[in-house]
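Below is one structure, written out as structure tokens, with a few remarks after it.
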Amino acid sequence: MTAASRVGSVHYRVEAADLHAHLYRVTLHVAKPAAMQQLSLPVWIPGSYLVREFSKNLQKLTAKQDGRAVTVQQLDKCTWQADCVAGKSLVVTYEVYAFDNSVRTAWLDSQRGFFNATSLCLRVQGLEGTAHSLELSPVKGKPQWNAATGLGAQRINKRGFGLYVAGDYDELADCPFEIGEFFSAEFKACGVPHRIVIAGTPAAFDGDKLVRDMQKICETAIRFWHDRKKPPFRSYLFMLNAVDDGYGGLEHRNSTALIASRRDLPRTGETRQADGYVTLMGLISHEYFHAWNVKRLRPAEFARYDYSKENYTQLLWFFEGFTSYYDDLLLRRAGVMDDATYVKLLNKTINQVLQAPGREVQSVAQASFDAWVKYYRQDENTPNATISYYTKGALVALCFDLTLRGEGHSNLDAAMRALWTRCAAGPMTEADFAAVLKELGGRSFARELTGWVHGTKDLPLATLLLTQGIHTLEEPAQWQQRLGIRAGEANGCVTIKTVLRGGAAEHAGMAAGDEWIGVIAGGQAWRIAKVDDLPMYAGAHRKVTALVARDRRLLQLDLQMPAASTTWRLVLRDAARAQSWLAAGD
Ligand SMILES: [Zn+2]
């Protein structure tokens with residue numbers, strides 16, 4: 001094999017050119033370009049449904065052929081055309097500014113580097129389906145840095161720098177890189193090698209504890225999908241960026257990029273399981289489950305990604321919602337969470353959905369389709385305008401699962417596995433889901449699909465939970481919920497963030513952004529610092545005056561004291577009854 005044949009027909013060299021300027025330099029070699037070759041950068045990254053215009057960070061693009069500069073014309077916001085001839089090696093160089101500390105783009109500073117190819121690697125139009133290679137250069141002045149990626153290595157040094165290969169552009173785009181000094185540990189789950197690398201770990205971090213729990217989570221997920229068979233990847237890499245404040249993850253075919261608070265990492269000597277650690281394990285479980293549910297089994301519309309524009313699907317309630325249902329449930333089944341913790345998390349999800357007026361405006365199918373302009377562009381009106389396909393989608397999964405279990409025929413686990421087989425671990429439609437439900441449940445579930453997925457009526461949660469020994473109690477809601485606001489309370493000030501549709505605050509005329517200054521009731525005027533202080537000042541008065549500041553004007557608003565409203569509290573009264581669902585999964 002010659003040196004030339006080892007690299008793909010599209011080859012990128014990536015250098016961390018300037019840590020302080022946060023610049024990567026990319027040199028792209030196209031062995032056999034088309035005449036007037038077009039190159040473009042994706043506008044979005046699969047898994048995160050927002051047009052992010054990654055090209056805004058690309059600069060100084062030049063091209064050469066036969067050692068001579070060729071003219072490059074920019075055709076639109078993310079596409080360039082090189083004035084080249086066909087068939088002769090084309091070399092394109094450019095820089096990418098990388099200073100977004102998220103899992104979606106790229107980062108480079110004196111502490112670490114991270115990138116997705118969707119931010120760094122121009123797509124060579126017409127050659128997307130051919131082999132691609134990426135050479136990651138060692139970082140000057142950082143001999144102690146390592147590199148990790150899910151991409152297949154062709155020829156790398158022991159620190160992970162060197163040549164990587166991808167079968168096509170999609171694979172390259174699906175394999176982010178983590179670079180720097182990081183914690184690294186390896187473990188096997190069902191015989192398959194897994195690795196976790198973590199940037200930013202503090203001294204008290206208990207790596208052994210994390211690895212032990214992760215192994216249980218991964219084995220539970222593999223067994224969920226395959227019983228005794230191997231998962232659909234040869235190895236798997238978790239890349240976690242531990243920061244002061246942050247939360248999120250992006251799923252890939254054999255890796256995931258995660259960001260979480262370093263306070264949520266387990267600590268040596270810790271005896272009680274902190275809430276933050278449960279959240280972190282939920283994130284790990286969620287992204288890992290996606291390796292099956294959305295990376296392989298995926299919406300028919302995602303059979304091939306179009307990197308140039310929004311890719312719409314009505315199915316995010318299934319791929320995000322059902323993944324959200326199973327992320328916590330599998331933690332329970334893996335034994336890293338107890339029944340009470342599971343029920344508490346479920347309780348929280350239910351209240352989040354019940355407290356969002358948008359659940360009466362959009363179905364989860366509509367919310368999925370609109371993700372690009374609604375869920376991913378949250379503002380003060382989001383809770384009124386849409387419903388999260390994560391939280392309500394998880395409850396839709398719960399309803400299907402408990403209905404199937406209640407009717408004694410099957411369960412959602414079996415439906416997921418049946419879909420995996422039916423769709424050959426590939427694109428699926430809602431009709432496929434309907435078909436497996438009918439097959440396993442022995443009847444049509446068209447009514448449930450219409451009502452729960454395409455309708456806006458509340459789900460039959462209380463009735464179904466009771467079949468598992470979980471009782472639903474109603475408790476007085478907090479005053480923010482009773483008034484229909486979401487507000488921040490800091491430094492003795494109340495700031496309105498959201499006014500919920502149809503609530504007392506909306507009737508009074510409060511608006512997002514208002515500073516709620518005081519309450520006047522029965523001739524007494526008070527400065528308000530906490531919303532829960534309202535009943536103390538209002539006493540028996542049914543009507544009070546709320547004093548708010550908006551754009552420097554002081555407004556006096558007539559506020560009708562709201563009737564009592566409730567939130568749900570779930571109580572597991574018959575744990576034995578719930579075990580086949582919560583613990584065994586059969
Ligand atoms: Zn997800």
Side-chain angles (χ1 to χ4, degrees), residues 44-50 52 102-105 116 118 150 173-176 214 217-218 220-221 224-225 231-233 236-241 246-260 264 278-299 301-302 305 310-331 345-346 348-349 352-353 364-365 367-372 374-378 382 386-398 412 416 419-420 425 427-428 433 453:
W44 71 292
I45 182 165
S48 184
Y49 307 104
L50 178 67
R52 294 182 190 274
S102 83
V103 294
R104 301 176 294 249
T105 50
N116 288 286
T118 40
D174 206 17
C175 296
M214 285 180 67
I217 295 166
C218 295
T220 305
F224 173 92
W225 287 99
F233 40 77
Y236 192 94
L237 171 69
F238 294 90
M239 287 165 277
L240 170 60
N241 182 20
Y247 175 81
L250 200 53
E251 64 275 10
H252 300 286
R253 63 184 67 183
N254 65 347
S255 70
T256 179
L258 311 165
I259 184 165
D264 293 348
V278 173
T279 307
L280 173 62
M281 285 195 295
L283 178 65
I284 287 167
S285 175
H286 182 96
E287 304 305 340
Y288 192 65
F289 197 82
H290 270 320
W292 290 267
N293 200 39
V294 93
K295 291 315 301 188
R296 289 177 176 84
L297 194 62
R298 61 190 187 275
E301 296 85 355
F302 293 179
Y305 297 124
E310 291 86 350
N311 288 210
Y312 297 101
T313 174
Q314 287 199 5
L315 285 175
L316 296 181
W317 58 270
F318 182 90
F319 290 99
E320 288 301 345
F322 283 37
T323 299
S324 297
Y325 174 61
Y326 279 112
D327 59 20
D328 288 341
L329 191 53
L330 293 193
L331 293 184
L345 292 175
L346 181 60
K348 192 173 153 197
T349 304
Q352 281 172 344
V353 172
V364 282
S368 298
F369 198 83
D370 257 352
W372 301 83
K374 290 209 162 93
Y375 189 82
Y376 272 91
R377 290 190 186 164
Q378 304 224 351
T382 300
T386 190
I387 187 69
S388 161
Y389 47 79
Y390 284 87
T391 50
K392 189 178 171 188
L395 300 183
V396 168
L398 174 79
L412 190 64
M416 299 301 285
L419 272 171
W420 179 259
M428 72 162 250
F433 182 49
V453 173

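For ligands, and for the atoms within them, numbers begin at 1 and follow the listed sequence.
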* **side chain to side chain contact (heavy atoms under 4.5 Å, CB included) against T313, all qualifying residues, sequence neighbours excluded** => P299, E301, F302, L315, L316
* Asked: With a cut-off of 2.8 Å, which protein N/O/S atoms are close to the Zn ion (ligand 1), if we only count those under it?
  -> H286 NE2, H290 NE2, E320 OE1
* Partners meeting salt bridge (charged side-chain N to carboxylate O under 4.0 Å, His left out) with D370 (sequence neighbours left out) -> K374
* To do: Check whether any side-chain N or O of T256 sits under 3.5 Å from a backbone N or O of L250 as a donor-acceptor pair, and report yes or no.
  => yes
* Please identify each residue that fulfils side chain to side chain contact (heavy atoms under 4.5 Å, CB included) with F369, with sequence neighbours left out. => Y312, Q314
* Asked: Are a donor atom and an acceptor atom from the side chains of H286 and E251 found within less than 3.5 Å of each other?
  -> no
* Could you tell me whether the side chains of H252 and E287 share a donor-acceptor contact shorter than 3.5 Å? => no
